[in-house]
Amino acid sequence: MAYRTAYFPIPACSVRWLMMLVIVFTLLLNSNSVSSYSPAAYGDFTCRNLTDMERGKLDPKSNGVCSDEAKPLPVCECGFKMFDSSFLSKKKMHEIEKGANDFNIPIIRSNQKLVATTDGGLHNPSCLVFNSAWKVQQLEHEPNKKLNYPSPANIQRPNSDEDIAFMSILELGQLLKANLITSVELTEIFLKRIKRYGPVLESVVTDTEELAYQQAKEADQLLADGKYLGPLHGIPYGLKDIISVPNYTTTWGSTSFRDQVLDIEAWVYKRLKSAGAVLVAKLVTGSLAYDDVWFGGRTRNPWNIEEYSTGSSAGPASCTSAGLVPFAIGSETSGSITYPASRCGVTALRPTFGAVGRTGVMSIAESLDKLGPFCRNSVDCVIVLDAIWGKDPDDVSSRDIPFRDPSSVDITKLTVGYLEDAEMEVVQVLQSKGVNMVPFNLSYTVDSVQGILNFTMDVEMLAHFDKWQRSNLDDEYEAQDQWPIELRRARAISAVDYFQAQRARGILIQQVRESFKVDAFIGNATDWEKVCLGNLVGIPVVVVPTGFKKISDAPSNDTRRRTTITTGIYAPPDHDHVALALAMAYQSVTDHHKQRPPIDDLGPNDSIPDSPKSL
């Protein structure tokens with residue numbers, strides 16, 4: 001879910017001072033488990049009432065009694081400087097060091113035993129819940145209405161499996177309802193493509209062949225019995241491999257968890273199963289949902305197979321782009337939907353925070369994580385979102401938000417802004433469709449947006465992978481310049497500074513809300529500042545393909561490899577339907593989203609060693 005981060009340098013410190021910092025501020029990077037603490041090993045602040053302290057029973061009036069033999073170590077001024085606390089006198093520093101050892105550490109260890117014995121954030125969510133709603137009173141308790149989907153006319157079964165693989169959800173659904181194809185046949189087509197192209201793109205972790213055929217046969221039988229579950233009935237799809245499915249590994253893309261099988265049915269999987277969709281594969285997530293590197297390699301971009309897909313929803317983006325699945329579910333904490341969708345040239349939605357339940361999904365940051373669809377087009381995004389949208393009773397951040405029908409939006413009554421970095425073709429097309437397009441700038445004075453995102457993401461991630469780090473499993477992480485560095489640095493973010501970051505986040509949300517004077521706006525989907533802002537505020541964005549350009553350093557002028565061009569359509573929280581309505585209007589008169597990547601034919605005078613081979 002995470003993509004990249006700003007770097008906050010830590011002051012250089014001698015080994016001696018660093019070890020003192022580890023003790024005083026509980027930066028226990030050398031601990032192998034939460035129960036390995038031994039005060040005697042450190043010697044200086046050995047306390048007589050250790051048993052009570054380990055149980056977290058101390059109160060402010062019982063500060064612990066130090067042994068007569070204990071001698072205080074020199075004050076670790078470098079450590080206090082790291083915490084921006086060098087304003088303290090040495091006497092106060094000594095008091096803090098003693099208090100941390102006598103009072104803080106036992107409580108910290110008690111809490112670790114209570115909630116941090118397993119990694120991944122699947123259980124024991126924080127009681128501090130982020131709500132992204134701006135107008136709660138207006139939106140709550142509105143009844144959901146059945147959505148209207150366009151019916152493709154005169155749909156015939158193509159002669160080639162390749163053409164079938166790139167049909168939209170609605171088109172495939174028409175084939176199924178007309179008995180021109182079965183769900184089992186569809187499943188076979190996509191499983192063949194997964195086995196053929198998955199290894200080349202390094203985009204698939206596990207195919208779920210046995211489960212897929214079982215679900216496909218059930219879908220066919222229901223149709224034979226006259227029972228139609230909706231537009232996802234019998235349609236194959238893939239899940240990012242942070243989403244739990246019983247009896248299959250949920251690896252989180254990590255060497256540390258590659259054999260993990262969770263007996264949990266994720267909420268989003270339950271919703272798709274009840275809609276009749278057929279799971280064909282668990283798709284690549286970057287290791288622990290960071291970027292595109294995982295224990296099996298690094299996921300590639302089908303439009304330029306020598307290029308990587310970026311973002312941790314690498315598998316969903318790459319597989320949807322290459323026609324390995326009609327749609328997939330990915331996730332975003334900070335760019336992991338927007339970046340790979342833009343790189344791989346697919347339509348995708350990062351929904352309003354809290355709109356899609358996350359039970360059974362590995363958590364990076366409870367106040368940032370979102371699940372969203374990667375699809376052929378924006379209509380397909382509407383179909384998938386309609387199936388997975390809604391209150392998840394086991395996700396405290398999930399909200400009961402009405403999902404309004406994008407097709408019912410009168411876009412001629414909308415005022416839509418466009419930023420300086422917007423793709424002007426989108427602006428011109430929407431203007432020609434009757435939308436009031438105006439120049440726009442999102443104004444706010446908070447200058448630490450990227451830092452607030454990093455503080456929030458890294459601290460919450462470390463809370464979910466505390467045991468992993470304390471067990472030194474970060475040493476086997478696939479990319480040492482990613483989570484290992486960030487999460488070690490997160491040890492030096494105090495609770496006070498984390499909370500101050502959330503207060504600053506509150507100011508940002510207020511300023512964005514006051515500045516958001518349009519119904520939606522168009523802008524770059526991968527600008528890092530907007531990625532951070534959008535995730536902190538919880539606003540939805542649709543990523544829309546808008547064209548192509550030549551790749552740099554092309555091996556020949558005839559290569560079919562391309563760099564995709566995209567833009568983002570942003571809307572206020574709970575107004576996903578507005579962004580989707582605009583995307584649908586744009587795609588109704590353009591065909592950028594219908595183009596296919598050259599994974600079989602790179603063009604004359606262009607070949608690479610890893611190009612796909614025929615069966």
Side-chain angles (χ1 to χ4, degrees), residues 1-2 31-34 111-130 205-206 239-270 282-291 293-296 312-316 329-334 336 356-371 392 394-398 456-479 482-484 486-488 490-491:
M1 300 180 204
S31 298
N32 290 324
S33 70
V34 297
N111 291 339
Q112 287 167 4
K113 293 176 182 178
L114 188 63
V115 300
T117 56
T118 57
D119 294 309
L122 295 171
H123 310 286
N124 306 309
S126 169
C127 63
L128 303 177
V129 179
F130 173 56
V205 181
T206 308
L239 291 174
K240 183 176 180 178
D241 199 30
I242 62 171
I243 301 172
S244 304
V245 176
N247 303 317
Y248 287 91
T249 55
T250 300
T251 69
W252 302 340
S254 167
T255 298
S256 303
F257 302 97
R258 63 184 301 172
D259 298 320
Q260 173 180 250
V261 178
L262 299 170
D263 188 22
I264 301 172
E265 229 179 16
W267 173 256
V268 69
Y269 171 63
K270 287 181 182 179
K282 302 291 291 297
L283 308 179
V284 164
T285 171
S287 183
L288 301 186
Y290 193 124
D291 208 11
V293 179
W294 61 296
F295 67 80
S312 71
S313 296
I329 303 298
S331 67
E332 172 155 327
T333 306
S334 59
S336 287
V356 180
R358 305 167 303 179
T359 298
V361 180
M362 190 208 93
S363 177
I364 288 182
E366 293 170 38
S367 71
L368 294 170
D369 298 342
K370 295 158 291 291
L371 300 176
D392 173 356
D394 296 317
D395 179 355
V396 295
S397 296
S398 173
T456 304
M457 178 176 67
D458 292 351
V459 169
E460 294 184 23
M461 175 65 174
L462 183 55
H464 297 143
F465 284 88
D466 190 15
K467 178 184 176 184
W468 177 77
Q469 188 188 72
R470 290 175 183 276
S471 302
N472 292 320
L473 292 176
D474 57 344
D475 290 339
E476 64 184 25
Y477 189 79
E478 291 73 12
Q482 296 178 358
W483 278 136
E486 289 192 39
L487 297 188
R488 290 166 197 155
R491 288 279 174 192

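Numbers for residues simply follow the sequence, beginning at 1.
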Distance in Å, E332 CD paired with D369 CG, rounded so as to fall on 0.5 Å steps
10.0 Å
For A289 and M362, which heavy atoms make the closest approach, and how far apart are they?
CB-CE, 3.8 Å
Closest heavy-atom pair, T251 versus R258, reported as atoms and distance to 0.1 Å, is CG2-O, 3.4 Å
Search all heavy atoms of S363 against all heavy atoms of G121 and return the closest pair with its distance.
CB-O, 3.9 Å
Would M457 and E486 count as a side-chain contact (heavy atoms from CB on, under 4.5 Å) if you check the C-alpha gap in whole Å, the side-chain angles of each, and the deciding distance to 0.1 Å?
CA-CA 10 Å; M457 178 176 67; E486 289 192 39; 4.0 Å; yes
Value rounded to 0.5 Å, distance of CG in L462 from CD1 in I364
12.5 Å
Any sub-3.5 Å donor-acceptor pair from S313's side-chain atoms to S336's backbone N or O?
yes
Minimum heavy-atom distance L122-G360, with the two atoms named
CD2-C, 3.8 Å
Checking E366 side chain against S126 main chain: does a donor-acceptor pair fall under 3.5 Å?
yes
Taking E265 for its side chain and K270 for its backbone only, find out whether a donor-acceptor pair lies under 3.5 Å.
no
Rounded to the nearest 0.5 angstrom, the CG-CD1 distance for D394 and I264 is 10.5 Å
Out of curiosity, H464 NE2 to L288 CG, how far, rounded to the nearest 0.5 Å?
12.5 Å
Give me the ring orientation class for W483 and Y290: parallel if the planes are under 30° apart, tilted from 30 to 60°, perpendicular past 60°.
perpendicular
Shortest non-hydrogen contact between S256 and E476, atoms and distance
OG-OE2, 2.7 Å
Pick one: which of L239, T250, T249, V268 meets side chain to side chain contact (heavy atoms under 4.5 Å, CB included) with S244?
T250
Look at the side chain of D395 and the backbone N and O of R358, then say whether any donor-acceptor pair between them is shorter than 3.5 Å.
yes
Polar side-chain atom of Y477 near backbone of S287 as donor-acceptor pair, under 3.5 Å:
yes
Output yes when D466 and R491 qualify as a salt bridge under the 4.0 Å nitrogen-oxygen rule, no when they do not.
yes
So CG of D119 and CD of Q260: to nearest 0.5 Å the spacing works out to 9.0 Å
Shortest non-hydrogen pair, A266 vs I243, comes out as CB-CG2, 3.5 Å
Gap between atom CG of L368 and atom CD of E460 - 0.5 Å precision
6.0 Å
Only residue of F257, W468, F295 satisfying ring-ring contact (aromatic ring centres under 6.0 Å, His included) with W252 is F257
Mark yes or no for whether D392, through its side chain, and T359, through its backbone, hold a donor-acceptor pair below 3.5 Å.
yes
Report yes if the side chains of S331 and V361 come closer than 4.5 Å at any heavy-atom pair, otherwise no.
no
Short N-O contact, D475 and R488, less than 4.0 angstrom
yes
Check: S312/K240 side-chain N/O donor and acceptor closer than 3.5 Å
yes
